Amino acid sequence: MHDADLVIAGGGLVGLTLACALRTAGFRLLLVDPATGPAAGHDPRSVALAPGSRRIFEALGVWPLVSEKTAPIRRIQVSERGGFGRLRLDAGEMDLTALGHVVMNRDLEAALRRRLAEASGSVRIVPGAKVQTPESASDHIRMQLLENETCRSVSARLLLAADGAASPLRQAAGLSIEDIDYRQTALVATVRPGRPYQGEAFERFTPDGPLALLPLPDGRMSLVWTVRSAQADDLAAMDDRDFLHALQQAFGYRLGRLLEVGDRGAWPLRLRHARRRRHGRMLLVGNAVCSLHPVAGQGLNLALRDVAGLAEVLHAAARDDVDPADAPGLAAWLTSQQRVQRRVTLFTHGLVGLFSNDFPGLRLGRNAGLLALAGLPGLRRGFASLGMGRHGGAGRLARGLPLDVDADG
Ligand SMILES: Cc1cc2nc3c(=O)[nH]c(=O)nc-3n(C[C@H](O)[C@H](O)[C@H](O)COP(=O)(O)OP(=O)(O)OC[C@H]3O[C@@H](n4cnc5c(N)ncnc54)[C@H](O)[C@@H]3O)c2cc1C
């Protein structure tokens, strides 16, 4: 008898979503995270959730707990600083009410934690602890739980490592990654614009990197401003007034005068993609498998789709009383996801390369490209589909359907 069937290492957005999706499968599940409670209130990060991600949260019963704290993106305006091309993507044109929804990470995390707390099921959260030194055997995986400087040994049938981009568990297993340092840093903040934005999001390409302003529900906007890392320290050190001034210069006056900036943070940007995601009875998920440049807002959306399908495979294994590490369909799902992750990685990396390059010919080509997209509705819909993470072949959760009859509704 093992201590648990499944252990999820990492209580970020991906680990929490996976726990929500698996809570009714009938597994004994441990969720282990170094944090001792919900994220602090001053994390300025937000995510733009694609329609498929929203459907996953609806099927998991999480959406009603967070929907009031989301803002719909009805239109996206893409432009280049100093360029003549401009592209407008419109939800109506794609027969959607919204191209996506923006939510602060901390609000989404709180909703996931609430759902886990209120749902009947078999998830036990172990706060303030880390998973270390996993070792796979033929019918189980043994690991150490480090809690308050004491270690205890735990065995399970499968370890799901959702321990983030640096993934200590991936490193411990010696799984190699493709690793590209963009030498760019994302400066993240909330900003209050002088003019109402009415559901519009802005993506503006500058010579230093893309700058995105996304709507939030309270009249503020979420800023993700990518700059060269050498420049980021100077901008981060500025007081709010100078920072707003620099931002206004980079963004222009489409939203009137930028009036106020809230908490700020900085995230150095790398592409990290694990060449293999399975090691014995350990499986990487979320940023541990693939962490992307935020230019296209794909990282979490990609991971949610992945864990939704994974949860479906594991539910079936529990129903048929099969070892989850040998679940039928697991290998096929991992192979299909490898292809999807590769495609999204190339799309995202290509966008960074295309718009970070200032050769005059390329600049002209970009502007001509934006103009062409603007003029051709079919092409524009295709571009928006890719950006929204529509990659085909989604499982039940991504179609908004529950995995099981949910006892707690
Ligand atoms: C600026 C920025 C903007 C972004 N915008 C978007 C967007 O608009 N749309 C989108 O889809 N994505 C976006 N992303 C990507 C998205 O934020 C990530 O893909 C997502 O948050 C990854 O979640 P995760 O749970 O995999 O990792 P993390 O959030 O890093 O969580 C990992 C967790 O594992 C824990 N941990 C570490 N080691 C251990 C251990 N040994 N044992 C147990 N636990 C451990 C950590 O404490 C942490 O809680 C953005 C990213 C950035 C940086």
Side-chain angles (χ1 to χ4, degrees), residues 1-12 14-19 21-23 25-36 122-179 272-291 303 306-307 310-311 313-315 317-318 320-335 337-338 341:
M1 182 71 174
H2 308 303
D3 301 302
D5 296 312
L6 307 178
V7 173
I8 298 177
V14 175
L16 287 168
T17 304
L18 188 53
L22 289 171
R23 72 184 197 286
F27 290 120
R28 289 169 307 132
L29 203 164
L30 286 187
L31 173 70
V32 182
D33 192 84
T36 48
S122 44
V123 182
R124 193 152 70 79
I125 299 184
V126 186
K130 274 184 190 166
V131 174
Q132 290 183 330
T133 57
E135 274 179 36
S136 291
S138 62
D139 69 342
H140 69 279
I141 180 164
R142 185 161 290 284
M143 64 206 86
Q144 301 298 315
L145 253 57
L146 178 66
E147 216 175 341
N148 298 327
E149 298 186 10
T150 48
C151 264
R152 70 183 159 109
S153 177
V154 165
S155 68
R157 295 201 283 174
L158 186 64
L159 168 61
L160 297 155
D163 55 341
S167 184
L169 291 167
R170 183 187 65 215
Q171 291 186 36
L175 290 172
S176 69
I177 55 168
E178 185 183 354
D179 185 1
R272 290 185 178 121
H273 191 184
R275 294 196 173 91
R276 269 192 318 124
R277 62 185 289 196
R278 183 168 186 169
H279 184 75
R281 288 176 172 266
M282 180 177 91
L283 201 59
L284 306 178
V285 291
N287 266 14
V289 191
C290 188
S291 70
D306 178 43
V307 297
L310 183 60
V313 169
L314 294 176
H315 266 256
D320 301 342
D321 201 17
V322 174
D323 181 348
D326 291 331
L330 181 58
W333 177 253
L334 297 183
T335 306
Q337 285 306 286
Q338 200 173 10
Q341 283 159 356

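Numbering starts at 1 and runs along the sequence shown. Note that the structure is predicted; figures quoted are calculated from it, not measured.
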> How would you list, by chain and number, every residue that makes a side chain to side chain contact (heavy atoms under 4.5 Å, CB included) with Asp323, sequence neighbours excluded?
Replying inline: Arg157, Arg281, Ala325, Asp326
> Could you state the interatomic distance from CG (Leu22) to CG (Leu310), rounded to the nearest 0.5 Å?
Replying inline: 7.0 Å
> So with a 6.0 Å cut-off around CG of Asp321, is the heavy-atom count from everything else above 12?
Replying inline: no
>> Minimum heavy-atom separation for Pro324 and Ala317, please, with both atom names.
In response: CA-CB, 4.3 Å
>> Going by the rule ring-ring contact (aromatic ring centres under 6.0 Å, His included), which residues pair with His273 if we only count those two or more places apart in sequence or in a different chain?
In response: none
>> I'd like to check Val131 versus Asp163 (side-chain heavy atoms, cut-off strictly below 4.5 Å). Are they in contact?
In response: no
>> Tell me which pairs pass salt bridge (Lys or Arg N to Asp or Glu O under 4.0 Å) where either residue lies in residues 128-137, with sequence neighbours left out.
In response: none
> Which pairs with one or both residues in residues 160-179 pass ring pair (Phe, Tyr, Trp, His ring centres under 6.0 Å), sequence neighbours excluded?
Replying inline: none
> Are the side chain of Trp333 and the backbone N or O of Asp306 linked by a donor-acceptor pair below 3.5 Å?
Replying inline: yes
>> Applying side chain to side chain contact (heavy atoms under 4.5 Å, CB included), can you list everything that pairs with Ser155, at least two apart in sequence or on another chain?
In response: His2, Asp3, His140, Arg142
> Do Leu283 and Leu334 touch side chain to side chain, with heavy atoms closer than 4.5 Å?
Replying inline: yes
> Side chain of His279, backbone of Leu284: donor and acceptor closer than 3.5 Å?
Replying inline: no
>> Suppose we screen for side chain to side chain contact (heavy atoms under 4.5 Å, CB included). Which residues come up paired with Gln338, at least two apart in sequence or across chains?
In response: none
> Any side-chain heavy atom of Val7 sitting closer than 4.5 Å to one from Ile141?
Replying inline: no
> Closest heavy-atom contact between Ala166 and Gln171?
Replying inline: O-NE2, 2.7 Å
> Between Arg170 (side chain) and Ala288 (backbone), is there a donor-acceptor pair under 3.5 Å?
Replying inline: yes
> For Val14 and Gly286, which heavy atoms make the closest approach, and how far apart are they?
Replying inline: CG1-CA, 3.7 Å
> Any side-chain heavy atom of Arg277 within less than 4.5 Å of one from Gln341?
Replying inline: yes
> Asp179: what forms a salt bridge (Lys or Arg N to Asp or Glu O under 4.0 Å) with it, not counting sequence neighbours?
Replying inline: Arg270
>> I need the minimum non-hydrogen distance between Gly12 and Asp33, along with the two atoms involved.
In response: N-OD1, 4.1 Å
> Who passes side chain to side chain contact (heavy atoms under 4.5 Å, CB included) against Ser291, sequence neighbours left out?
Replying inline: Ala165, Arg272, Asn287
>> To check you understand the geometry: which heavy-atom pair defines the closest contact between Gly26 and Asp5, and what is its length?
In response: O-OD2, 4.4 Å
> Taking only residues two or more places apart in sequence or in another chain, which ones pass salt bridge (Lys or Arg N to Asp or Glu O under 4.0 Å) with Glu147?
Replying inline: Arg152
>> Which residues pass the salt bridge (Lys or Arg N to Asp or Glu O under 4.0 Å) test with Arg278, not counting sequence neighbours?
In response: none
> Which atom pair, heavy atoms only, marks the closest approach of Leu30 to Ala4?
Replying inline: CG-CB, 4.0 Å
>> I'd like to check the side-chain hydrogen bond (donor to acceptor under 3.5 Å, both in side chains) partners of Ser176; sequence neighbours left out, ordered by chain and number.
In response: Arg275
> Partners of Arg124 by salt bridge (Lys or Arg N to Asp or Glu O under 4.0 Å), sequence neighbours excluded?
Replying inline: none
> With side chains defined as the heavy atoms from C-beta onward, is the minimum distance between Leu31 and Leu16 less than 4.5 Å?
Replying inline: yes
> Leu158 versus Leu314: any side-chain heavy-atom pair under 4.5 Å?
Replying inline: yes
